[in-house]
Structure formats: C-alpha cells, structure tokens
Amino acid sequence: MQSSSISRQTKLSLLKVFIENKKLRSGKSIHAQLIKAPTFDLIQTNHLINLYSKCGHPGVARKVFDTMPERNVVSGSALMAGYLHNGMPSQALHLIKEMSFEENFEHMNEYVFATALASCSEMRALEQGLQCHAYVLKSGLVFHSHVRNALLHMYFESLHMEDALRVYETVPGFDVFALNSMINGFVGSGRLNDAVDLVSGMGKEVELWDHVTYVAVLGLCAASKDLRLGWQIHDQILRRGIQFSVFVGSGIVDMYGKCGDIESARRAFVELSVKNVVSWTAVMAAFAQNGLFEEALKLFLEMGIDGVQPNEFTYAVLLNSCAGLSALKIGDALNAHAEKSGYKAHLVVGNALINMYSKSGSIEDARNAFGGMHQRDIISWNSIITGCSHHGLGREALEAFHDMLTEGEVPTYVTFVGVLLACGNLGLVDDGLYYLTNFMRDLGIQPGVEHYTCMVRLLCRAGQLDKAENFMTYTCTEWDIIAWRTLLSACQVHKYYNLGKRVAEHILQLYP
DNA sequence: TTAGGGTTAG
C-alpha cells in the first residue's frame with residue numbers, strides 16, 4: 001500500500017479500528033507513514049499515543065508524546081490512561097502535574113480528572129485524591145458522570161464511606177457504575193445490612209444491573225452467608241439470560257462455597273463453559289473452606305490436565321488445604337513449585353506457607369518462611385504469633401508481637417488470642433490480665449470466648465485454680481466445652497479433686 | 001481523538 005494513496009481520513013479510520021482491536025503491528029505501519037509525512041498532524045499523533053497506550057506500551061506512547069512539536073489536553077489524557085491501565089498510576093499523576101505547568105495546554109478536562117482520580121484509587125493515594133476532589137468541585141467537572149463515578153469509587157474503595165455518601169447525595173445522577181462502587185464499598189466496610197437494603201430495594205431497576213453488579217451482589221451474598229439471597233440472584237441471572245462470564249461464573253461458585261453449599265458450588269463450576277485460573281481457584285477454595293481439603297488438592301491435578309497454570313491465589317488455597325491435612329510433604333512440594341514459578345514472593349503465598357508449616361508441626365520452617373517475606377501484613381504477624389504460641393514458644397511469640405507493634409502494625413482480635421496463649425506458656429498471669437483488660441480495651445477490641453478461655457488456661461497453668469473457677473463464674477460469656485475441659489484437666493494435674501468433681505458435674509449438666 | 005465499576009487467599 002502506497003502511503004500517498006491513503007487519505008488522511010482513511011488513515012484515521014484505520015487507526016481507530018487497529019486501536020479497538022489492539023492490532024499493534026498494523027498500527028505501527030501507519031506510524032511509519034506518519035513519520036515520513038512532511039507536516040505534523042496533532043490528531044493523528046494523539047491516535048498513536050492511544051494506540052501504544054492501549055496495546056500495553058506506555059513507554060513508546062511517552063516517546064511519541066515527547067517528540068510532538070505541539071500537544072493538547074487529549075495527548076496528555078491518552079497517555080495518562082496508558083499509564084493507568086498498564087499498572088503505572090503514579091506516572092499518570094506525575095504527568096498531570098507536568099501538564100499543569102505547561103502553558104500551551106488548554107484547561108484540564110473531565111477525561112484528565114476521571115483518569116487522575118482512578119489513578120488515586122489504584123494507588124490508594126487519598127491525599128492526592130482530595131486535591132483532585134477540590135479541583136473538580138471548583139471547576140464544576142464533578143458534574144461529568146465519569147468524574148463523579150471515579151470520585152465515588154475512590155472514596156468507596158478506600159472505605160471512606162461518609163465522604164462517598166456525601167458526594168452521592170450532593171451530586172445528582174445515579175448509574176450502574178455508581179451502584180457497583182457503592183455495593184462494593186458497603187461490603188468492604190462490613191456494612192452488609194446497608195448493602196442488602198440497597199440491593200433488595202432496587203425492584204424493577206435490576207434491569208440496569210450488569211455483569212459487574214452481579215459479581216458484586218454475589219460477593220455480598222458470600223460475605224453475609226445469605227444463601228437465600230444467593231439463590232434469588234442465581235435464579236435472576238438465569239432468567240435474565242446474563243452471560244456466564246468467568247467473572248460471574250466464579251462469583252457463583254464462590255458464593256455457594258462461602259455459604260457452605262458445596263454441591264451447588266461444584267455443579268456451578270462443572271457447568272461453566274469457560275474456565276480459567278480464577279474459576280478453578282474459586283472451586284478449590286470452596287472445597288477447602290468446607291473442610292474438603294483432599295478434594296481441593298485433587299482438583300489441582302485436574303486443573304493441570306486442563307492446561308491451566310496456577311497463580312498466587314491457587315498456591316495459597318492449596319497450601320491452606322495442606323495445613324488442614326497437616327500434609328507436610330505435599331506442602332513442601334508446593335513450596336518448591338511456587339518458588340520455581342515465581343509466586344513465592346507474593347504475600348498470600350507467604351502467609352499460607354507460615355500457616356501450612358505451623359499446622360504441619362514444623363515451626364522452624366514457618367519462622368523461616370516468615371523471615372523470608374519481603375512484605376508482611378496483619379495475617380502474617382497473627383500467623384507467626386499464634387504459630388509460635390501453639391508450639392510452646394511463648395518467648396518468641398511475644399517477641400514477634402513487640403516487633404509487630406514496632407513496625408506500626410495494629411493488633412486485632414486474633415493477635416490477642418496468640419498473645420494470651422503465649423502468656424499461658426510462660427505463666428505470665430499479670431501480663432495476660434493486662435492485655436485482656438487494658439490493652440484490648442484501649443484498642444477498642446471486645447474480648448471473646450477465645451480470649452477468656454486463654455485466660456482460664458493461663459490461670460490453670462499457674463496453679464491458680466480457684467481464681468480460674470471464679471473467673472469462669474463471674475465473666476459474662478458463652479463458655480463452651482473447651483474452657484470447662486481446660487479447668488477439669490487442670491484439676492486432675494493439680495489434684496484439686498473437690499473442684500474437679502464440681503466441674504465434672506457441671507459439665508454433665510451442660511452436655512448430658 | 002482521551003475517561004469510570006469486577007472474580008480467587010488468610
């Protein structure tokens with residue numbers, strides 16, 4: 001094809017088609033022709049930026065951008081979108097700063113701020129998000145639906161629900177994008193009742209729902225373990241003829257799994273016409289969450305036969321299944337497998353390795369896995385603290401607890417179960433009481449029966465059985481058999497036969 | 001010409 005024989009209009013049309021279908025090679029041939037052209041064409045060059053951005057080459061898009069003798073706001077916003085969608089949101093924000101300094105730029109438009117706000121969401125850069133918010137309010141850009149939705153999404157995703165709801169109430173217009181962000185925001189912040197109210201109050205408006213809504217609502221059913229709502233939604237998906245995409249399909253599998261209906265989860269999975277690593281991982285997780293660990297591991301073999309490669313979540317599910325079975329050898333093999341495929345460095349895999357080694361009896365390997373992690377979260381700390389405690393390493397558990405505080409991690413309900421277990425191992429009655437009554441209260445964590453049982457165990461270990469009995473009598477909680485059994489066996493060890501007899505009679509009354 | 005929402009782990 002001679003370049004001269006193609007009109008400008010045709011070149012533009014071709015470029016659009018190539019961009020839409022991500023035909024990088026074909027698009028490049030147009031680029032070659034444009035380079036040879038005697039005059040610079042702004043609009044065509046903007047298309048080129050868009051081409052490279054959409055085809056996963058933001059670096060090349062940047063080169064085109066840098067060599068332009070003249071640019072406009074579209075050049076910038078196309079490149080920003082390229083950065084954002086190729087995992088470089090910080091570059092997008094950097095670019096908007098550059099753009100604001102350039103004099104020949106027109107004023108920023110709604111495209112620029114929709115992308116900037118989405119970049120803030122992705123980076124969880126609330127500070128810069130607030131700056132964008134201020135600007136779009138002042139300029140009136142907030143009334144563009146894309147900007148408004150990006151703003152809503154930013155607040156909902158960072159779980160700043162009050163700010164999100166304020167935007168929702170003050171800026172008119174409501175569409176499926178806003179709805180989806182809102183459902184996910186409510187679910188993410190644990191406001192399940194609000195989410196259920198929102199969803200069940202929608203009546204006829206369900207016609208507006210799209211794939212993303214269904215995935216979000218299925219996630220809501222899973223989080224609230226609401227199988228009845230789950231059935232309704234599944235039924236609605238079938239009636240409305242919604243396509244069983246891998247997203248919707250995996251959402252259904254996950255919903256049934258989390259609601260404990262493993263048969264329906266299995267059936268939904270089998271019926272999926274397209275399965276990918278997410279659907280496979282979702283069904284394995286469904287089995288594992290319901291205690292069917294061997295089935296989960298078997299599925300891994302079937303997945304391999306199907307030619308699907310595992311990702312970090314797959315390894316996490318499999319390692320946790322090994323933990324459930326105390327299957328150290330398989331766990332070791334999976335560890336090697338994850339290392340070879342480069343997934344070991346992921347946080348979820350590291351956490352699952354700590355859990356697997358700890359539950360399989362190898363606390364040293366668990367500590368090594370913990371020590372080798374590049375990145376840790378509260379799950380990592382809780383896993384290593386409770387792991388050490390369960391293996392009688394009270395000193396090490398408390399050391400880890402203090403390291404965790406030093407690193408600025410905030411303890412949770414689970415953390416204190418590990419800490420109180422550690423106090424039990426070391427016979428630190430006063431420390432235990434201090435954690436239970438002061439430390440937890442200061443953090444606003446309401447102690448539960450697990451903590452109280454640890455306290456009974458601690459008092460028993462220290463030989464203070466009368467205090468333990470008193471503690472159980474005067475602490476208001478739903479005591480279970482574990483706590484009573486702890487006290488009973490302590491009576492045997494410490495030869496408190498009278499108390500033992502009373503406790504035994506009490507247990508017989510409760511569990512005839 | 002450019003823009004917004006999604007599944008899987010603990």
Side-chain angles (χ1 to χ4, degrees), chain A residues 12 15-16 19 41-51 53-54 72-82 84-85 92 109-119 121 141 144-154 156-157 175-185 209-219 222 245-255 257-258 276-286 288-289 310-321 323 343 346-356 377-383 412 414:
Chain A
L12 274 177
L15 261 177
K16 270 197 227 169
I19 290 165
D41 188 315
L42 178 61
I43 292 182
Q44 286 191 339
T45 314
N46 282 347
H47 271 105
L48 285 178
I49 294 179
N50 193 22
L51 169 78
S53 292
K54 291 261 165 72
N72 65 6
V73 71
V74 177
S75 332
S77 60
L79 181 56
M80 279 178 71
L84 170 63
H85 294 132
N109 66 7
E110 64 272 26
Y111 288 81
V112 172
F113 276 97
T115 312
L117 282 163
S119 305
S121 296
L141 289 173
H144 282 93
S145 66
H146 282 74
V147 174
R148 177 181 178 275
N149 286 337
L151 190 58
L152 277 176
H153 179 240
M154 184 192 73
F156 276 127
E157 203 188 50
D175 60 16
V176 71
F177 283 82
L179 170 67
N180 296 345
S181 300
M182 205 163 179
I183 298 172
N184 287 323
W209 291 13
D210 66 2
H211 283 211
V212 178
T213 320
Y214 282 105
V215 172
V217 174
L218 287 165
S245 65
V246 280
F247 288 120
V248 174
S250 306
I252 293 174
V253 171
D254 181 50
M255 179 275 290
K258 294 241 167 73
N276 69 357
V277 60
V278 177
S279 5
W280 278 99
T281 308
V283 74
M284 286 177 198
Q289 280 155 3
N311 68 11
E312 68 271 30
F313 291 108
T314 322
Y315 284 113
V317 174
L318 293 168
L319 286 165
N320 288 324
S321 301
Y343 285 109
H346 283 84
L347 183 63
V348 289
V349 178
N351 288 348
L353 280 169
I354 301 172
N355 185 34
M356 183 276 290
D377 67 358
I378 184 65
I379 306 288
S380 332
W381 290 103
N382 286 351
S383 303
T412 62
V414 178

Problem set entry | Separation between CD1 of A:Ile354 and CD1 of A:Ile379, rounded to the nearest 0.5 Å | 10.0 Å
For this session: Grab the CD-P distance between A:Gln44 and B:dT2 for me, whole Å please.
Result: 14 Å
Exercise. Is there side-chain contact between A:Leu12 and A:Lys16, with at least one heavy-atom pair below 4.5 Å?
Worked result: no
For this session: Spell out yes or no: do the side chain of A:Asp377 and the base of B:dG10 have one donor N/O and one acceptor N/O closer than 3.5 Å?
Result: yes
For this session: Ignoring hydrogens and angles, state whether a donor on the side chain of A:Ser53 or A:Asn50 is under 3.5 Å from an acceptor on the partner side chain.
Result: no
Exercise. If you look at every strand shown and take non-hydrogen atoms under 4.0 Å, does A:Val349 touch a base, only sugar-phosphate, or nothing?
Worked result: nothing
Seminar exercise, completed: Checking B:dT2, B:dG6, B:dT8 against the side chain of A:His211 (C-beta onward), the nearest is B:dG6
Problem set entry | Nucleotide B:dT1, atom P - distance to CD1 of A:Ile49 in whole Å | 15 Å
Problem set entry | Distance test, side-chain N/O of A:Asn50 to OP1/OP2 of B:dT1, below 4.0 Å | no
For this session: Check whether any side-chain nitrogen or oxygen of A:Asn320 sits under 4.0 Å from OP1 or OP2 of B:dG10, and answer yes or no.
Result: yes
For this session: Take atom CZ of A:Arg148 and atom P of B:dA3, then tell me their distance rounded to the nearest Å.
Result: 20 Å
Seminar exercise, completed: Among the nucleotides B:dG6, B:dA9, B:dT1, whichever has the atom closest to the side chain of A:Glu157 is B:dG6
Problem set entry | Closest to side chain of A:His85, choosing from B:dA3, B:dT1, B:dG6 | B:dA3
Exercise. Within the pair A:Gln289 and B:dT8, is there a side-chain N or O less than 4.0 Å away from OP1 or OP2?
Worked result: no
For this session: Could you pull out all residues at least two apart from A:Asn382 that satisfy side chain to side chain donor-acceptor pair (under 3.5 Å)?
Result: A:Thr412, A:Thr415
Problem set entry | Side chain to side chain, A:Asn351 and A:Asp377, heavy atoms closer than 4.5 Å | yes
Problem set entry | No-H, no-angle donor-acceptor pair, A:Ser77 side chain to B:dT2 base, under 3.5 Å | yes
For this session: Choose from B:dG10, B:dG6, B:dA9 the nucleotide whose nearest atom is closest to any side-chain atom of A:Ala285.
Result: B:dA9
Seminar exercise, completed: A:Met80 atom CE is separated from B:dT2 atom C1', nearest whole Å, by 10 Å
For this session: Name the nucleic acid region contacted by A:Ala216, choosing base, sugar-phosphate or nothing; use a 4.0 angstrom heavy-atom cut-off, strictly under.
Result: nothing
Exercise. Side chains of A:Ser181 and A:Asn184: do they bring a donor and an acceptor to under 3.5 Å?
Worked result: no
Exercise. Under 4.0 angstrom, heavy atoms only, what part of the nucleic acid is A:Leu218 near: base, sugar-phosphate, or nothing?
Worked result: nothing
For this session: Respond yes when some side-chain nitrogen or oxygen of A:His153 is under 4.0 Å from OP1 or OP2 of B:dG6, and no when none is.
Result: yes
Problem set entry | Per A:His47 side chain, nearest of listed nucleotides B:dA9, B:dT1, B:dA3 | B:dT1
For this session: Output the single nucleotide from B:dA9, B:dG10, B:dA3 whose closest atom is nearest the side chain of A:Ile379.
Result: B:dG10
Exercise. What does A:Asn184 touch in the nucleic acid at a heavy-atom separation under 4.0 angstrom: a base, only the sugar-phosphate, or nothing?
Worked result: sugar-phosphate
Problem set entry | Sugar-phosphate, base or nothing in reach of A:Val317, heavy atoms under 4.0 Å | sugar-phosphate
Exercise. Is there a stack between A:Tyr111 and B:dT2, judged by ring centres under 5.5 Å and planes under 30°?
Worked result: yes
For this session: Examine B:dG10: is either OP1 or OP2 under 4.0 Å from a nitrogen or oxygen in the side chain of A:Lys258? Give yes or no.
Result: no
For this session: Would you mind classifying the nucleic acid contact of A:Ala352 as base, sugar-phosphate or nothing, using non-hydrogen atoms under 4.0 angstrom?
Result: nothing
